[in-house]
Every structure is written in structure tokens, then in C-alpha cells.
Amino acid sequence: MRDDDVRSACFAALEVLQAKWGPDVPYAALAEGFNFRGRRIPFLNRAYGIYRAADAQRGPAALSVNSSPKQIRYQDEQTPDGVLYRYQGDDPENHFNRWLRSAHLLDVPIVYFVGTRPNWYRPIYPTYVERDEPGELRVLLAFGKMRGAYDEREPVHIPDEIERRYVVREVKQRIHQAQFRGAVLPAYSDRCAICRLREVRLLDAAHIVGDAEDSGEPVVSNGLSPCSIHHRAFDQDLVGVAPDLRVHLSRRLLDDDDGPMLDVLKRFHGSTIEEPTRRLWRPDPDGLEKRFARFQSAR
Ligand SMILES: [Zn+2]
């Protein structure tokens, strides 16, 4: 039995949450569940990973699976075709794994919730259980896409292999970037390292030295937590951070005289960036030196 309605309601509710919170949603918001025919339905089950909307009328297939940042490193192996998601436990026939199998056999879309920092999740949907591998105690999750106009969007597979792999790569990069941000921002107490702005929605994680793609674990010591303005300025070499952690403004900005915003930016010239809360997370001096050389040659 398919249960497209509950899935559509779930995806629509996630779109609303993401419009409010951005691509990552706090667990506190997810914990409230979504409305379906007058009832609150949970989005996920954090304890067991694999979740099905409770009563049988809503179908035998999983509605979502989830991974915490810790689990994803050890369990969710990424392949060019998707993500290998581990069964719950070692028994392919337990009910969790049967829900996964049903999602595969019925070919229904599910949500893949990936932890990007403690108590924050990136919902990736529609996701399909593309392959079931009971012998390996795992399934292959592949990513689909939403098609159609705003009020009649529907989840579909991506039939073309090249496009499918492209989407997998894109999702992977977005998860990596989100987890990098999820590691870097808390290290700086959710403040801009330069101006101390404390509004998470205006903060980014910037790589000091360009991100080697698929480099695995996000390394905090290769990151800074600038606000959007400082991130853009850092990327454009209008602001630099020297190995002694001092902030430098480009000549061009310093010589310019153009209104209150620029005055504010100039105020941080010569100041020192915020130190991360742990020594281990301090920006790597070699990385800073390399990056600062680029800043100096740009001006
Ligand atoms: Zn800033």
C-alpha cells in the first residue's frame, strides 16, 4: 500500500520549516512533528534511525531515516550513486529493516535527516531506497528531486545517471559544508570572528585554505566564522587575517571614504580575531600564512 498523502504532507511541512530556519532545522522544531489530517505526526525517530509513521493505515514503509554527525562518518559510506545506510541492528528481518525494504519495494520517497551539528538536521528529500542489500546489512539511498509548480510539487526519481551522480555530488558537498559550518561556528561561540556579530543566520564558515573536495572530516583549524559581509570581504581579499591573528583591511578599503558601513569595517583594521574556545581549534598558522600571502599580493 502506498501512502503518498502523508509523504506529501511531510515534505510540505519541511519546506515551511526550511523557509523559516534555512536548510538546517533544529531538532526542537522537528520534534513538534507535522500536521496530517488533524493529527501531529513525528518526522523522525532519533533513537533508532529508521522511522515509520505510526499506524498501519499510513503504510508499511519507512518515512525517514537519520544520521547524527558522529554516525555519518562511520556508517553512511558515500558512493557516487548515493549513500550506504546501515540497517538497524544485525537482523535484516526486524521491523525497522522491513520498513526500509518496503520503502524500496513500494518505491516511495523518504527523508534522509543528516545531523550537521548537535541537535540540528539537514533534511534531504525526496530520497529513495534504491537498493536493498540484506547480506551487507545496508541499503543504498539515492536522491530524487521535487518537480512541478509551487503548490503541486511532487517527488520524482532522476532517471539520467549523469544527472543522478551530479545530484549526489552536490548533496555530499552541501552536507560537508553544513557539517564544517556546524563544527566551526560553535568553536567561535556562534560569533563572527572579526566583528563578533552574534546572529547565526548571518554567519558562515569560511575555509582558510581552499577546501580539498571530499576531505572527510571538517577541520575546525582550517576555518573561520565570519559574518556574511566579512566572509565576502575575506573571499575577495578585501580583509585578511595575519598569522598573528590580526585583521588587515585592503589598501583600497582603507583609502576609500564612503559612508558609515565602511567606517565600521575600517574599525576592525588592526584588531585581533576572536580566539576559538579551545586551543586545538585555533587557526592553523601555516594555513593563515599561505592565505595572508594571497591577501597581500592582491592589494
Ligand atoms: Zn563580521
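These numbers were taken from a predicted model, which means no experiment stands behind them. Counting begins at 1 with the first residue of the sequence. Atoms within a ligand are numbered from 1 in the order they appear, just like the ligands themselves.
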* Do the charged groups of R40 and E32 touch, with an N to O distance under 4.0 Å? -> no

* To do: Considering only NZ, NE, NH1 and NH2 on the basic side and carboxylate oxygens on the acidic side, decide whether R37 and D5 come within less than 4.0 Å.
  => yes

* Structure fact -> Near the Zn ion (ligand 1), meaning under 2.8 Å, the protein N/O/S atoms are C192 SG, C195 SG, C227 SG, H230 ND1

* Establish, for the pair R46 and Y27, whether the NZ or CZ atom is under 6.0 angstrom from the six-membered ring centre and no further than 45 degrees off its axis. => yes

* Asked: Looking at F234, is R291 sitting on its ring face, NZ or CZ under 6.0 Å from the six-membered ring centre and within 45 degrees of the normal?
  -> yes

* To do: With sequence neighbours excluded, tell me which residues meet side-chain hydrogen bond (donor to acceptor under 3.5 Å, both in side chains) with N94.
  => N97

* Ring geometry between F268 and H230 (parallel below 30°, tilted from 30 to 60°, perpendicular above 60°) -> perpendicular

